[in-house]
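One structure, as structure tokens, below. Some questions next.
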Amino acid sequence: MRPIWIFSFLIILGMFADRIIFVIFPNYLIEKGFSASQIGLIFSFAGIALVISRLLVGRLSDFFGRKRLMSLGLLLYSASLASFPFLTSLLQFVLFKGLKEFSENLTSTLQDALIADSFPKRIRAKVVSKLGSLYPLSRAGSVLIGILITSIATLAFGFWIASFFIFLSFLIFLTFPEKVRKQSFRIRMKRPSRPLLLIAGISFFMSLNFGVAYFPGFFILAKNLGISTPQLFSLLLPAYLLSSGMAWWSGSWIDRIGRRSSMLLFGLSFSLATFFYALSSTWLSFFAVLMVISLSYYLWRIGFKTSLYDLTQKPERGGQIGFVKMLTGFGDILAPLMGGLVIDLLSLQAAFYLAGLFGLMACCLNLILIKFR
């Protein structure tokens, strides 16, 4: 099977599982009687395990082979998801959520490294745009699957469905051809270049932008506007579909305007649109902002991913991508805490203003990055 087809199936099946768990897991913990603070504890400890593992996982793959480690990650990921319905205590959920995050990190970090390994620089933007269009399209499909599961089965059944999708990914990934370069193992890697540090900083500030705006501000705003959960799914569906269509055709013109320049353009659009959440007073204005942000985010992501791949080189690509993802993870941990505090101490609108400022900081670093060759 050709690599691009393998990556396509991995993305589709991975997004199906991810979005199902995204909705089911918090609700499952609530049904089990866990308090808000206990649920937060489960997610926070799992996030710390994820961040710590990112750099190490990428570096290990540089020496022992990405296919071997990623296959292990897919198996552990599938097993951890299947285990959740059998857990009862807080400690068990903390441990298995940490295992789930660690194994999911194995797959995402090494998948990025394998994509960069598999496709030369001259065609990366076109390939990444085609693969990037599958993320919103798969999320649109997962919305329908999630609604079906929750309508006709229990929440616990959703974990097994998600586990099946990941196990199917594992079977497909076994067909991936990889040539392992034999090297003597050393954990230390070269000092990151300035462009790599800049793109890591961009990723960090964009993760703050997204997390501060969406956890929990976005959902509180939707509730305040009278938008129910099914209605919110209905608003997300066209946003995903439009983003998928635009992402599919974006590769060629992203190359024409420049990969880093396109990242700046759509990052600026994403950041400025975030401010307008604070001004949303009806579901229609909320939906308009949502559409702009969704489209901008997925197009920004293509420019970002392509630029990241361009800045990494063998034999240290796994460690370099892991370094960037590690900084992104710090933003993922800090953002929900910052967003919640700003909402409680100031206002809901202040969270969106702060998120927009973080996005503009990322754009400033992007301007500096454009100057580097």
Side-chain angles (χ1 to χ4, degrees), residues 1-21 53-54 57-82 99-142 145 159-183 244 247-248 251 301-302 305-306 308-309 312-315 317-322 325:
M1 189 182 294
R2 295 175 61 189
I4 192 167
W5 286 108
I6 294 174
F7 291 129
S8 297
F9 283 120
L10 292 181
I11 289 170
I12 292 171
L13 294 171
M15 282 297 98
F16 282 175
D18 176 77
R19 290 296 95 180
I20 291 172
I21 297 303
S53 68
R54 276 179 165 166
V57 164
R59 193 68 183 128
L60 288 173
S61 75
D62 290 330
F63 298 94
F64 300 117
R66 311 200 203 287
K67 181 177 180 179
R68 187 179 304 171
L69 289 178
M70 187 167 167
S71 298
L72 174 63
L74 288 168
L75 274 179
L76 290 175
Y77 189 9
S78 177
S80 63
L81 291 177
L99 176 62
K100 180 258 183 189
E101 295 293 343
F102 173 76
S103 55
E104 187 178 4
N105 165 60
L106 274 175
T107 66
S108 64
T109 299
L110 301 184
Q111 182 171 290
D112 278 334
L114 284 169
I115 291 173
D117 290 344
S118 301
F119 304 104
K121 185 175 181 179
R122 60 183 174 82
I123 64 168
R124 274 185 193 147
K126 292 183 179 179
V127 171
V128 174
S129 66
K130 298 298 185 290
L131 295 177
S133 69
L134 296 176
Y135 284 91
L137 183 63
S138 302
R139 288 183 173 184
S142 68
I145 296 173
F159 290 108
W160 294 323
I161 293 294
S163 175
F164 170 75
F165 285 140
I166 299 301
F167 185 73
L168 188 56
S169 296
F170 164 74
L171 296 178
I172 292 172
F173 184 66
L174 290 179
T175 66
F176 185 84
E178 184 194 26
K179 295 180 180 179
V180 180
R181 297 177 58 183
K182 293 185 178 180
Q183 307 174 65
S244 179
W248 178 266
R301 191 177 184 278
I302 292 169
K305 288 282 187 181
T306 310
L308 172 61
Y309 298 159
T312 60
Q313 305 88 26
K314 291 181 178 179
R317 176 168 284 144
Q320 291 169 339
I321 291 178
K325 285 182 169 287

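Throughout, residue positions are numbered sequentially from 1 according to the sequence presented.
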Pairwise distance CD1(Ile21) to CD1(Ile161) - rounded to 0.5 angstrom: 10.5 Å

Side-chain donor or acceptor of Gln320 paired with backbone N/O of Gln313 under 3.5 Å: yes

Pairs meeting criterion salt bridge (charged side-chain N to carboxylate O under 4.0 Å, His left out) with involvement of residues 121-133, two or more places apart: Arg124-Asp310

Distance, nearest 0.5 Å, that separates CZ of Arg317 from OG1 of Thr109: 14.0 Å

Non-hydrogen atoms of Ser133 and Ala247 that approach each other most closely: CA-CB, 3.6 Å

Taking every non-hydrogen atom, the tightest pair across Ser8 and Leu131: OG-CD2, 3.6 Å

Contacts of Asp112 that satisfy salt bridge (Lys or Arg N to Asp or Glu O under 4.0 Å) - sequence neighbours left out: Lys305, Lys325

Beyond-backbone contact of Glu104 with Ile166, side-chain heavy atoms, under 4.5 angstrom: no

Ring pair (Phe, Tyr, Trp, His ring centres under 6.0 Å) partners for Tyr309, two or more places apart: none

Atom pair CG/CH2 of Leu137 and Trp248 - distance to nearest 0.5 Å: 9.5 Å

Which residues share a salt bridge (Lys or Arg N to Asp or Glu O under 4.0 Å) with Arg301, sequence neighbours left out: none

Side chain to side chain donor-acceptor pair (under 3.5 Å) partners of residues 160-171, not counting sequence neighbours, each pair once: Ser78-Ser163

Side-chain heavy-atom pair Leu10, Met70 within 4.5 angstrom cut-off: yes

Distance-minimising heavy-atom pair for Leu174 and Ser71: CD2-OG, 4.3 Å

Spacing of Ile6 atom CD1 and Ile11 atom CD1 [to the nearest 0.5 Å]: 12.0 Å

Any residue meeting side-chain contact (heavy atoms from CB on, under 4.5 Å) with Leu72, in chain and number order, not counting sequence neighbours: Leu76

Those residues that, when tested against Ser244, pass side-chain hydrogen bond (donor to acceptor under 3.5 Å, both in side chains) (two or more places apart): none

Heavy-atom check, side chain of Phe9 versus side chain of Leu168, under 4.5 Å: no

Counterpart residues, side-chain contact (heavy atoms from CB on, under 4.5 Å), relative to Ile12 (two or more places apart): Phe16, Leu134, Ser138

Nearest-0.5 Å distance, OG1 of residue Thr175 to CH2 of residue Trp5: 13.0 Å

All side-chain hydrogen bond (donor to acceptor under 3.5 Å, both in side chains) counterparts of Asp18, not counting sequence neighbours: none

Ring pair (Phe, Tyr, Trp, His ring centres under 6.0 Å) partners of Phe167, counting only residues at least two apart: Phe170

Check: Lys67 side chain, Pro177 main-chain N or O, donor-acceptor pair, under 3.5 Å: no

Results of ring pair (Phe, Tyr, Trp, His ring centres under 6.0 Å) for Phe173 - residues two or more places apart only: Phe176

Under 3.5 Å: donor-acceptor pair, side chain of Ser118, backbone of Ile115: no

